[in-house]
Every structure is written in structure tokens, then in C-alpha cells.
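Here the structure is a predicted model, which means the values were calculated and not measured.
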Amino acid sequence: MTLLTLLAVLGMVIVDKVGSQNYGDALSKCILFFEGQRTGKLPSNQRMIWRKDSTLRDGSDLGMDLLGGYYDAGDNVKFNFPMAFSTTMLAWSVIEFGQFMGPDLQHAQDSIRWGADYLLKSTDLPGKVTAAVGNPIADHNCWERPEDMDTPRTSYVVNQTHPGSEVSAETAAAPLVFKSAHHRYSILLVNRAKEVFEFADKVRGNYKDSVGQGVCPFYCDWGSYSYMVQNNIPNLPRRVIRLVNGDLQAAKNFAEFGWDTKDAGINVLVSGLVMNSTSAEPYVPQADRFVCSVLPESPYNNMQHATALSFLLLVYAQYLKKHDGSVNCGTFVAALSRFEQIEKGQITYWERTHWGFSQKFPKRIHHRASSLPSIGAHPRHINCKDGSPYYETLKPNPNLLTGAIIGGPDMKDQFPDNRTNAGESEPTTYINAPLVGILAYFKAFP
């Protein structure tokens, strides 16, 4: 069963609570960032107005309409695997913390819908799932505005003979819906998710072998490629299994969670459903292990995917509150107040890499649209290599990609603010998406 079926549907009541102005401002900007990553025909209510329509012929090479969706980062390619994960995380954020978002709830829902609409299009043909749009090799050889795109917009798909279980299953998990407000849309997405996950399960294979340079080395999945929680919520199994090189195995990566690894997320999610029941094994113990591994008191700290892991930490704390639970880490017992203390410390640290949030923020982020003059300021076409001077200049980016979270400081906590260093200065949708829920919670409980 997919995350879609586990999380079911989303119909949140807006609860406008008075919270920290800073957390509320950060939440607004964190969600606004996604408008800067939109592709296709932009809507009339687009708020990041320096972005314009782009890549309006996506899918034409296959006779499909693949307009819309998100650029994953600072490039002009649509990679479905991280896009689907980002959409999932936005939806999970709204399900857990949407009641604290106030007027930003609608913007968050719009962000989810923008991704879900595209994912519907990318699964429109039975037995086929789009894996990416845009030749990544050609794209990464240019520094060009998305509005000027003239590199090949190749569509890469997985199908019956060239399978891609991981990208298909992630796509099935992503389109969480708005049951009360958009019931028909909800039914459409649920039915499509079932079809796509059935395809992912029956036609098994790793998409890097099928799509090749269309996704690699950028978003290869080198590990397992399909996560399954069997049966349904009332009949949860006693273990989560995943497919590894064609064999079903128990999930062991208890502390990993990101666009390519879901173990910790599954354990936390299912724990909220089975805590204090006979089905608690192994989800709750594994979720406890995850919590203990990321707390600084632990001897084996792992914050590789900081925002995603922090989101899980906060969600698990809410589940524990409902069941009067606690986490015994062996040498210490983790109090729930400690979880929130850690989260607030993380947010303070992230403010240094939250573009446009504070007075001092990175000004030379690795992002084509942000670093090149907008269409309004420079209407003439900028060719592939004509953008190189903008890439190399030490001047700040002319367009503010409000709310973007970038890779951040190096191992020595140094950040030179250099756009040529993509690892440190590039924003991504899957960094921002988990932070939406965290900021919503602390807006209400500062």
C-alpha cells in the first residue's frame, strides 16, 4: 500500500492561532519558494512575478501534455522522483500541521495541486510513467533562464519493457488530495495512485537501468526500489518490506529518509496508527531507534537530510503526545520538550541559509532563473553560453528567490556564498518541503 492510502485524504480546517511573527513569516516564504520553481503556463495569481511561462511544449515528443510541475533545483529539468517526494512531503505537512497554517494553508494546497496535476499528466498513459523531462546533460552545459529554454526537452519514461519501480511507486505516493473541498479530484488521484502502484509492483526494475543518463548521475537510486506496507490500515503487517535487487527484505535503514530512502518515514507514519497496540512491532521500536539516532545526546548522530529528518522528529513527538509515550534511548530518556528544543535550534541555524528571510542571507545562490536578469528587465533571448558571465560574476543575483533553503555550510561550518559551488549554494524543493510543517507548528507554538 502506498503512502497515499496510508495518509488517505486531506481536508483540514483552518485554525488561525497567534504565533511567532518570525515563524509565520518564514512559513509564508518557505511556501512562496515553490512558485519560483514552477514550470509551464503560470497562473494569474502567481506571486513571484519575475518568473514567467516556460517549457510550454513539454511532452510533445511523445504526443503528451507534460506542462507544469516543478524544476527540482537551480536547473531547468523536471525530475519526477524528487518532485513526487517533495509533493508528498508538502501534503504530509498539511495533514499533520495544516490547522496551524492560517491563510498560508491555501497557498500550501495550491503548491500540492501544482505538483499533483503534473503527476497526473505524467501517468496519463497506462503502463507508462514519466521519469524526467529535459535532457540533463545538455541543460547542465548551459546557464540559461527557463523562459529561454532551447536545449532538448526530451521526455524519459519507464514502461512494461523498461521498468522503474521506485519512480512509479513514489509518483503513486505523491498525489495526496483534498477530500472535503475537491472530492472528485480526490477520487481521480486515489484511483490513479492505485493503478500506478500496481504497475510499480508488477513490472519491477530500477529506473536508472531503464532511463540511464536521463536521470543519472543526478537522481540515481542505487539502493532498494519499492516500499510496500501490505494490506490496509486495520490489518497492518508486522514488518515493512522493500524490494532489493528483486528480493523482498525487511527494511533496515531505520535512520534514513529522503527522496530515495523511505524507511524512517514509514516507521514514523505507521507508528502513529499502531502505537500502544499489538501491531506496534517493529514500527514503534524502529521509530524510537531513529529518534535516538538524531538527538545530539546520542553517540551516533546522523543529520544528513536535516529538514526531512527534523520533520519526522516533530511528527513523532506529536504521536507520542497523543499516547502519553516517551523514548528510552538506553543511556537517557528523551523528553518530548527536548524534541522541540532541538527543532528550534535547527530553525535558528537554517535562517542563515533561508534566502530572503533575515537581513543577512546568501546572495549568490546556484539558480539559473534567480541569477539571470528577468524577462521584464532583459526581454531579449539569452542563449546557452551567453549566461556564463552571470554565472561567473561575483555580483549578487538580481532576482530574489524568496524562501529558498540552500545546501548550506561545509563540514567546517564555512559558507563563502559562491554560486559556482552547487553543493552549498543550490536550493531544492525537497529541502523546503519538510520545513513547511515544522514552521507551521512553531508558528502556533512559539
Test item: [X] and [Y] side chains (from C-beta on) under 4.5 Å apart, heavy atoms:
X: Met275; Y: Leu320; result: yes
X: His140; Y: Asp75; result: yes
X: Tyr23; Y: Leu27; result: no
X: Arg368; Y: Asn76; result: yes
X: Tyr207; Y: Glu170; result: no
X: Val133; Y: Val77; result: no
X: Gln318; Y: Leu314; result: yes
X: Met83; Y: Tyr70; result: yes

Mind checking the [atom1]-[atom2] spacing from [X] to [Y]? Nearest 0.5 Å is all I need.
X: Leu269; Y: Tyr319; atom1: CG; atom2: OH; answer: 5.5 Å
X: Ser271; Y: Ile266; atom1: OG; atom2: CD1; answer: 11.5 Å
X: Trp92; Y: Leu312; atom1: CH2; atom2: CG; answer: 5.0 Å
X: Leu90; Y: Gln109; atom1: CG; atom2: CD; answer: 11.5 Å
X: Thr39; Y: Leu66; atom1: OG1; atom2: CG; answer: 9.5 Å
X: Glu35; Y: Trp114; atom1: CD; atom2: CH2; answer: 9.0 Å

statement: Residue set satisfying ring pair (Phe, Tyr, Trp, His ring centres under 6.0 Å) with Phe290, at least two apart, ordered chain then number -> none
task: Let me see the working for Ile406 and Glu426 under side chain to side chain contact (heavy atoms under 4.5 Å, CB included), right down to the final yes or no.
output: CA-CA 5 Å; Ile406 60 174; Glu426 187 171 23; over 6 Å; no
message: Please confirm whether the ring centroid of Tyr219 lies under 6.0 Å from the ring centroid of Phe81.
response: no
Of the non-hydrogen atoms in [X] and [Y], which two are nearest, and what is the gap between them?
X: Phe361; Y: Leu400; result: CE1-CD1, 3.8 Å
X: Ser86; Y: Thr429; result: OG-OG1, 2.7 Å
X: Phe85; Y: Gly258; result: CE1-O, 3.4 Å
X: Ala440; Y: Phe100; result: O-CB, 3.3 Å
X: Arg364; Y: Pro396; result: CG-CA, 4.1 Å
X: Pro427; Y: Leu401; result: CG-CD2, 4.0 Å

- request: Would you indicate whether Lys128, at its atom NZ, is surrounded by more than 12 heavy atoms from other residues, nucleotides or ligands within a distance under 6.0 Å?
  value: no
- prompt: Is it the case that more than 12 heavy atoms not belonging to Lys395 sit under 6.0 Å from its NZ atom?
  reply: no
Who are the side-chain hydrogen bond (donor to acceptor under 3.5 Å, both in side chains) partners of [X], not counting sequence neighbours?
X: Asp288; value: Tyr316
X: His323; value: none
X: Ser93; value: none
X: Trp143; value: Ser371

message: Whether the side chain of Asn432 engages the backbone of Gly403 through a donor-acceptor N/O pair (distance < 3.5 Å, no angle test) should be reported.
response: yes
Suppose we screen for salt bridge (charged side-chain N to carboxylate O under 4.0 Å, His left out). Which residues come up paired with [X], at least two apart in sequence or across chains?
X: Arg38; result: none
X: Lys41; result: Asp53
X: Asp58; result: Lys78, Arg153
X: Glu147; result: Arg51

Any residue meeting side-chain contact (heavy atoms from CB on, under 4.5 Å) with [X], in chain and number order, not counting sequence neighbours:
X: Asp148; value: Glu144, Arg145, Ile375, His381, Ile382
X: Ala132; value: Phe79, Tyr156, Val215
X: Ile431; value: Thr307, Ile405, Thr428

- prompt: Stepwise, does the side chain to side chain contact (heavy atoms under 4.5 Å, CB included) test hold for Ile365 with Arg419?
  reply: CA-CA 5 Å; Ile365 68 172; Arg419 88 172 53 80; over 6 Å; no
Worked verdict on Ser54 versus Tyr71 for side-chain hydrogen bond (donor to acceptor under 3.5 Å, both in side chains): CA-CA 11 Å; Ser54 62; Tyr71 301 118; 2.8 Å; yes
field: Test side-chain hydrogen bond (donor to acceptor under 3.5 Å, both in side chains) applied to Tyr430 and Asp72, step by step
entry: CA-CA 8 Å; Tyr430 47 90; Asp72 70 296; 4.7 Å; no
- prompt: Does a side-chain N-to-carboxylate-O contact under 4.0 Å join Lys29 and Asp25?
  reply: yes
Distance only, no hydrogens: is a donor on one side chain within 3.5 Å (strictly under) of an acceptor on the other, for [X] and [Y]?
X: Arg192; Y: Thr123; answer: yes
X: Thr130; Y: Ser122; answer: no
X: Ser370; Y: Asn397; answer: yes
X: Gln106; Y: Asp110; answer: yes

task: Please step through side chain to side chain contact (heavy atoms under 4.5 Å, CB included) for the pair Leu336 and Lys321, ending with a clear verdict.
output: CA-CA 8 Å; Leu336 298 186; Lys321 282 181 183 178; 3.4 Å; yes
task: Begin from the C-alpha positions of Thr420 and His366 and carry the test side chain to side chain contact (heavy atoms under 4.5 Å, CB included) through to its verdict.
output: CA-CA 7 Å; Thr420 64; His366 183 95; 6.0 Å; no
